[in-house]
Amino acid sequence: MSAAPVPSNVPTSAGSIDRLPVSLPQLAEKKRLGEPIVMVTAYDYPSAVVAEQAGVDVVLVGDSGAMTVLGYPSTVPVSVDEMIMLACATRRGLRTPLLVADLPFGSFEASDQQAIETARRFIKEAGADAVKLEANGVAAERARALVNAGIPVMGHVGLTPQTATALGGYRAQGRTAERALDVARDALALQEAGCFSIVFEAIPSQVASVLMERMEVPIIGIGAGAATDGQVLVFHDLLGIREGVGARFVKRYADLHDEMVAGVRAYAEDVRTQRYPEADHTYSIDPVEFERFSAEVA
Ligand SMILES: Nc1nc(=O)c2c([nH]1)NC[C@@H]1CN(c3ccc(C(=O)N[C@@H](CCC(=O)O)C(=O)O)cc3)CN21
Ligand SMILES: CC(C)C(=O)C(=O)O
Ligand SMILES: [Mg+2]
């Protein structure tokens with residue numbers, strides 16, 4: 001399927017009627033065929049347009065946006081309303097990729113009903129195609145309730161930033177036999193609960209490799225090695241938009257932060273040295289009109 005190079009710029013937040021998104025069966029088919037699945041985060045209209053035009057399969061409105069675009073020190077403080085706003089902006093720039101939205105910390109844990117109400121907001125108000133939730137004590141139970149309510153769910157195991165304090169910070173997980181078994185249990189529970197896909201974050205590649213033998217749904221890795229069915233990276237990390245969190249899995253494909261600073265610096269320099277604006281950047285008025293205006297205003 002060839003992606004339209006132009007965004008739909010949909011009139012409503014819920015997506016355009018003629019949108020043909022990447023489907024869950026298409027992702028399963030990619031796994032079956034061994035075709036790697038490409039996922040990237042986006043948080044607003046321009047990043048969504050970039051992801052669309054680059055032809056990715058899945059776009060994640062990650063709660064990492066709490067840090068990358070909202071400036072919070074972690075993903076924990078971001079609210080559902082803030083995430084909905086990011087998801088709506090992303091939706092408007094997106095046509096073909098599957099749009100997945102992270103359920104933020106505190107928005108789904110309390111009860112199945114809370115999880116369903118939150119997920120429905122992402123689907124109905126923001127036009128998300130699916131939601132993602134991080135493994136914790138109740139995630140599999142909530143995932144099952146969401147799937148039963150007709151909401152596609154992606155799981156997330158390994159380094160789960162919403163519970164990073166309990167995990168010892170932003171560090172790789174599953175590095176002892178016991179902890180690798182914890183990751184395995186989380187992944188199998190989420191698969192059993194009906195998740196259509198699961199993210200493996202920051203686990204040893206050997207552990208991910210062995211787990212892949214047990215996984216029937218497409219697995220998207222970030223710092224989980226090359227054996228997963230696809231990869232995901234944070235938009236700002238792969239484009240070098242800020243210093244980032246220093247995760248070893250980041251591969252930087254551009255240095256946009258430096259380019260943006262250089263651009264604004266050059267603009268500032270032009271203003272201060274009066275090299276901007278030039279004639280091309282200014283408007284003019286008909287000479288007769290200008291004479292009349294000058295006579296009156298004086
Ligand atoms: N911009 C951004 N990109 C991300 O990938 C991301 C976020 N933000 N915010 C939430 C989490 C945090 N992430 C991280 C952060 C660090 C490592 C990491 O590799 N940590 C080192 C240890 C660093 C230390 O010792 O402090 C490790 O080797 O485990 C992995 C994932 C991934 N997520
Ligand atoms: C890194 C991905 C998987 C994520 O959860 C996020 O960006 O919030
Ligand atoms: Mg996340």
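When a ligand or atom number is given, it counts from 1 through the structure's own listing order.
Residue contacts with ligand 2 for Thr75 are absent, since no atom lies close enough (heavy atoms, distance under 4.0 Å). Using a 4.0 Å cut-off between heavy atoms, Glu201 contacts ligand 1 through its side chain alone, with no backbone atom that close. With a 4.0 Å cut-off on non-hydrogen atoms, Pro161 touches ligand 1 through its side chain and not its backbone. Counting heavy atoms closer than 4.0 Å to ligand 1, residue Arg171 contributes atoms from both its backbone and its side chain. When heavy-atom distances to ligand 2 are checked against a 4.0 Å cut-off, Asp102 comes that close only through its side chain, counted from C-beta outward. Within the 4.0 Å heavy-atom criterion, the part of His156 lying near ligand 2 is the side chain and not the backbone. Of all the heavy atoms of Leu159, the ones lying under 4.0 Å from any atom of ligand 1 belong exclusively to the side chain.
For Glu192, the CD atom is loosely surrounded, since the number of other residues' heavy atoms within 6.0 Å does not exceed 12. Around atom CD of Glu289, more than 12 heavy atoms belonging to other residues, nucleotides or ligands sit under 6.0 Å away. Surrounding CZ of Arg248 are at most 12 heavy atoms belonging to other residues, nucleotides or ligands under 6.0 Å away. More than 12 heavy atoms of other residues, nucleotides or ligands sit less than 6.0 Å from atom CE of Met215.
For Ala172, a nitrogen or oxygen atom sits less than 3.5 Å from a nitrogen or oxygen atom of ligand 1, counting backbone and side chain alike. For Asp63, a nitrogen or oxygen atom sits less than 3.5 Å from a nitrogen or oxygen atom of ligand 2, counting backbone and side chain alike.
Distances below 4.0 Å separate heavy atoms of Arg248 from the following atoms of ligand 1: 19 (O). The atoms of ligand 2 that sit less than 4.0 Å from any heavy atom of Thr41 are 7 (O). With ligand atoms numbered from 1 in the order given, ligand 1 contributes 1 (N) to contacts under 4.0 Å with heavy atoms of Thr68. The atoms of ligand 2 that sit less than 4.0 Å from any heavy atom of Gly62 are 6 (C), 7 (O), 8 (O).
Here the shortest heavy-atom distance to atom 22 (C) of ligand 1, taken over Phe235, Tyr170, Phe249, belongs to Tyr170. In the candidate list Ser64, Pro161, Gly221, Ser64 is nearest to atom 7 (O) of ligand 2, counting heavy atoms.
At least one heavy atom of Lys132 sits less than 4.0 Å from an atom of ligand 2.
Ranking protein heavy atoms by distance to atom 9 (N) of ligand 1, first place goes to Met67 SD, 3.2 Å. Shortest contact from atom 6 (C) of ligand 1 to any protein heavy atom: Val245 CG2, 3.9 Å. The protein heavy atom nearest to atom 2 (C) of ligand 1 is Asp237 OD2, 3.4 Å. At the top of the distance list for atom 1 (C) of ligand 2, counting protein heavy atoms only, stands Ile222 CD1, 3.7 Å. With respect to atom 4 (C) of ligand 2, the closest heavy atom belonging to the protein is Leu60 CD2, 3.5 Å.
Leu167 has its side chain within reach of Arg179: a pair of non-hydrogen atoms, C-beta onward, lies under 4.5 Å apart. In this structure the side chain of Met39 never reaches within 4.5 angstrom of the side chain of Val56, judged on heavy atoms. Two residues are said to be in side-chain contact when any heavy atoms from C-beta on lie closer than 4.5 Å; Phe200 and Ile222 fail this criterion.
Shown here, atom 28 (O) of ligand 1 is out of close reach of the protein: none of its heavy atoms lies under 4.0 Å off.
Note on Asp237 versus Arg252: no salt bridge recorded, every NZ/NE/NH1/NH2 to OD/OE distance being 4.0 Å or above. Taking 4.0 Å as the cut-off between side-chain N and carboxylate O, Arg265 and Asp258 do not count as a salt-bridged pair. With respect to Glu141 and Arg144, no salt bridge is recorded, no charged nitrogen being found less than 4.0 Å from a carboxylate O.
Here NE2 of His236 is found 8.0 Å from CZ of Arg242. Values are rounded to the nearest 0.5 Å. Taking CD of Gln114 as the reference point, atom CD1 of Ile116 lies at 11.0 Å (rounded to 0.5 Å).
For the Mg ion (ligand 3), the tally of protein N/O/S atoms lying closer than 2.8 Å stands at 2.
Under the 30°/60° scheme for interplanar angles, the aromatic rings of Tyr276 and His281 are found to be tilted.
Ile198 and Val210 fall into different hydrophobic clusters, defined by Ile, Leu, Val, Met, Phe, Trp and Tyr side-chain heavy atoms under 4.5 Å apart, directly or through other members. Linking Ile, Leu, Val, Met, Phe, Trp and Tyr whenever their side-chain heavy atoms come within less than 4.5 Å leaves Phe105 and Tyr170 in two separate clusters.
Between Ser79 and Glu82, the side chains place a donor N or O and an acceptor N or O closer than 3.5 Å (distance only, hydrogens not considered). The closest side-chain donor-acceptor pair between Asp63 and Gln162 falls under 3.5 angstrom.
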